[in-house]
Protein chains: 2
Amino acid sequence: MVTLSDVAKKAVVSKMTVSRVINHPDKVSPELRELVYKAMKDLNYVPNFTARALVQKRTQVIKLLILEEMDTTEPYYMNLLTGIAVGLDKYHYALQLVTRNSHEIGPCDGVIATGMRIEDYENIIEQLEPPVVLFGHNDKGYDFVDVDNEKGIQMATQHVIDLGYNEILFFGIDLDEPFMQTRIKGYQKMIEKHNLNSHLFMMKNSSHVSQAKATKQLEKDEERIAFVCASDRLAIGVVRAAQALGLLIPQQVAITGFDGVFLDQISSPKLTTVRQPVMEMGEALADMLLQKIDLDGERLGNRIFQPELIIRESTIK
Amino acid sequence: MVTLSDVAKKAVVSKMTVSRVINHPDKVSPELRELVYKAMKDLNYVPNFTARALVQKRTQVIKLLILEEMDTTEPYYMNLLTGIAVGLDKYHYALQLVTRNSHEIGPCDGVIATGMRIEDYENIIEQLEPPVVLFGHNDKGYDFVDVDNEKGIQMATQHVIDLGYNEILFFGIDLDEPFMQTRIKGYQKMIEKHNLNSHLFMMKNSSHVSQAKATKQLEKDEERIAFVCASDRLAIGVVRAAQALGLLIPQQVAITGFDGVFLDQISSPKLTTVRQPVMEMGEALADMLLQKIDLDGERLGNRIFQPELIIRESTIK
DNA sequence: TTGTAAGCGTTATCAT
DNA sequence: ATGATAACGCTTACAA
């Protein structure tokens, strides 16, 4: 194993100079700096993260605090997890999962939290010692990463309006969380803008439930109906409802989903959906938190990711 | 932060005695041992993994070597990843992903490999310096974790036979890998045992492809047909094919899937499937590898997980 | 059985 | 700008 000392010897400088070249290159004269770079390259030097962590009193552990009931089989959460893991691995950090039930958070260098309810800020988030980054919008001053939910639903709604639909139903998830409120707002704004009637249907995020609700609406025998759904899971249920009634997609029924993680491709016809870059958002969470740790908890601001409208067979021939 | 020294002082022993109580409790007299345990508890001592890793020259990094083209959005792989991460986190290990394209594996304490082709053993696996555990059966003497694929398909096949079906088609994935060969074998054994005719159909693992193939078979207008599928993804396509032709599931067409990770629940009717405990298998991989590292690479043997037949609406009313 | 001393590879601190 | 020294928390090797 090649160490700092080996590089120092090879470059005929002290260990400290090598350490400085790595951490504060600007504090070393250009000549020595080059010498050290060359020695590192020749010896194929790889810094020892463990030694650095020890002296800097770091645990090299990040906790992911999940405050909502999550279905670990959901590809959505899995992708987020993977994104975070990818981001952390670059700096040799390990990830640990913590839920509401865990009595203590335990020692760590930073926390990523998701699924907070209002009271959680006071009871949990504020109590946290290490730096925190949140997944999902908040107005309490915490750094966060989120997708532009309003814009996403607006794109989907505008899309079916452009296709000539004027009976447009919104199928949402019955959770009183900011992300849902924002999606509802996006829908309603577009509906108002085009002088259409608003139809909100809130339900459990289950394809079987949305199938039942959609069936009821479709049996009313209207001319052409569009469904703007708050998840791909809901959208898949609507697809099945239309098919069971022998209605043509997308000629008589248009359907849009939300997430674009996995289910959109499984559906037949394939779903038009609002894709969230979930994995990238996970990576951004990790990047942001690690940077924040480096800067001793300094405020960094937010990162809002732009969703992408992916147009497929459920809305267009 | 509470350290070994703090505990040592409190218990009025040397640091080494405390260290021994942690690592080799049997080498310390019962009296001192109890004293130390009490001190640790009183002070709420948490060992510093970083310091231990440094002196033991460990990287605290495990590499996951993925040798097949994988779709990271697949819930199956995501669950495996999550399982491994959960297993590693218990010992403060970090996980890094490596693919076939990575030029070097890089420094690490151990490797979990998956998706090997025959030539990979000689070219890659054998060259690995640190301990290795494989995901998926092999007969080269490497420790591995796998599910009993043959048993799984046999259960599914037996199940539809029990339902009175005697026209049973196997829908497989066109990959020449051990796991597929074993599933085919499971199907054929059961078919022979019951003196039925074997019908193999191999294809890409896509619901759209299986839908097309199933449609062709179903249009032949046989009495009752059962489809034993090698993945839930294939099974979902078959469900759609039957529904589009107006056939009744499970009265006229019975369908079984394989994996039981996520898609089985999305389908309508819900899928009868052979559930693999993917997350647990990931955790087992991590456990086994960490144990192997501790034992300096010693042979540990294999762990074969038993699949579970989950019976749902696609085969039974 | 228990303790002492040295050292793992790095960085902080202080001196030059 | 550069270097010497100590320290981070732990374990290995050896001594008592």
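Below, chain A is the first sequence line, B the second, and so on; all start at residue 1.
- Look at CZ on B/Arg52: it is 11 Å from C1' on D/dG9, rounded to the nearest Å.
- The NE2-C1' distance, from A/His24 to C/dT11, rounds to 8 Å in whole Å.
- Scored by the salt bridge (charged side-chain N to carboxylate O under 4.0 Å, His left out) test, B/Glu150 finds B/Lys185, B/Lys189 as partners (sequence neighbours excluded).
- Every residue two or more places apart in sequence or in another chain was checked for a salt bridge (charged side-chain N to carboxylate O under 4.0 Å, His left out) with B/Arg20, and none qualifies.
- Taking the side chain as every heavy atom from C-beta outward, B/Phe135 and B/Leu64 never approach each other to under 4.5 Å.
- Rotation axes derived from the C1' atoms of the five outermost pairs at either end of the helix from C/dT1-D/dA16 to C/dT16-D/dA1 lie 40° apart, to the nearest 10°.
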- Could you check B/Tyr76 against B/Gln276 for side chain to side chain donor-acceptor pair (under 3.5 Å), going step by step and ending with a plain yes or no? CA-CA 9 Å; B/Tyr76 184 86; B/Gln276 296 189 58; 3.2 Å; yes
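- Taking only side-chain nitrogens and oxygens, B/Tyr45 comes nearer than 4.0 Å to OP1 or OP2 of D/dC10.
- At D/dC10, none of the side-chain N or O atoms of B/Ser19 fall inside 4.0 Å of OP1 or OP2 (strictly under the cut-off).
- Remark: A/Glu177 engages A/Leu175, A/Phe179 in a side chain to side chain contact (heavy atoms under 4.5 Å, CB included) (not counting sequence neighbours).
- B/Lys57 places its NZ atom 14 Å from the C1' atom of D/dC10, with the value rounded to the nearest Å.
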Which side-chain N or O atoms in residues 40-51 of chain B pair as donor and acceptor under 3.5 Å with protein atoms at least two apart or in another chain?
{"from": "B/Asp42", "atom 1": "OD2", "to": "B/Lys38", "atom 2": "NZ", "distance (Å)": "2.8"}
{"from": "B/Asn48", "atom 1": "OD1", "to": "B/Thr50", "atom 2": "N", "distance (Å)": "2.8"}
{"from": "B/Asn48", "atom 1": "OD1", "to": "B/Ala51", "atom 2": "N", "distance (Å)": "3.0"}

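- Straight-line distance from the CD1 atom of B/Ile22 to the P atom of D/dT12: 12 Å, rounded to whole Å.
- For the segment residues 1-11 of chain B, no residue has any heavy atom less than 4.0 angstrom from an atom of DNA chain C.
- In this view, A/Asp6 satisfies the salt bridge (charged side-chain N to carboxylate O under 4.0 Å, His left out) rule with no residue, not counting sequence neighbours.
- Between A/Gln56 and C/dT10, a side-chain N or O to OP1/OP2 separation shorter than 4.0 Å is absent.
- Rounding to whole angstrom units, CZ of residue A/Arg58 and P of D/dA7 are separated by 22 Å.
- Among residues at least two apart or in separate chains, side-chain hydrogen bond (donor to acceptor under 3.5 Å, both in side chains) pairs with a member in residues 115-133 of chain B are B/Arg100-B/Asp120.
- Without hydrogens or angle criteria, B/Lys63 side chain to B/Ile105 main chain gives a donor-acceptor distance under 3.5 Å.
- For the segment residues 37-44 of chain A, the set of residues with a heavy atom within less than 4.0 Å of an atom of DNA chain C is empty.
- The stretch residues 298-307 of chain A participates, sequence neighbours left out, in these side-chain hydrogen bond (donor to acceptor under 3.5 Å, both in side chains) pairs: A/Asp143-A/Arg299, A/Lys151-A/Gln306, A/Arg299-A/Asn302.
- In terms of phosphate contacts, B/Asn23 brings a side-chain nitrogen or oxygen within less than 4.0 Å of OP1 or OP2 of D/dT11.
- Counted within 6.0 Å of CD1 on B/Ile118, heavy atoms from surrounding residues, nucleotides or ligands total 12 or fewer; the atom is thus considered open.
- Contact check for B/Glu308 versus B/Val274: no side-chain heavy atoms found under the 4.5 Å cut-off.
- Distance CD/B/Glu74 to CE/A/Met78: 12.5 Å, rounded to 0.5 Å.
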- Give the B/S/- string for nucleotides 1-6 of chain C, one per nucleotide from 5' to 3', where a protein heavy atom under 4.0 Å of the base yields B, of only the sugar-phosphate yields S, and otherwise -. SBBB--
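- Every pair passing salt bridge (charged side-chain N to carboxylate O under 4.0 Å, His left out) that includes a residue from residues 86-99 of chain B is listed here, sequence neighbours excluded: B/Lys90-B/Glu283, B/Lys90-B/Asp287.
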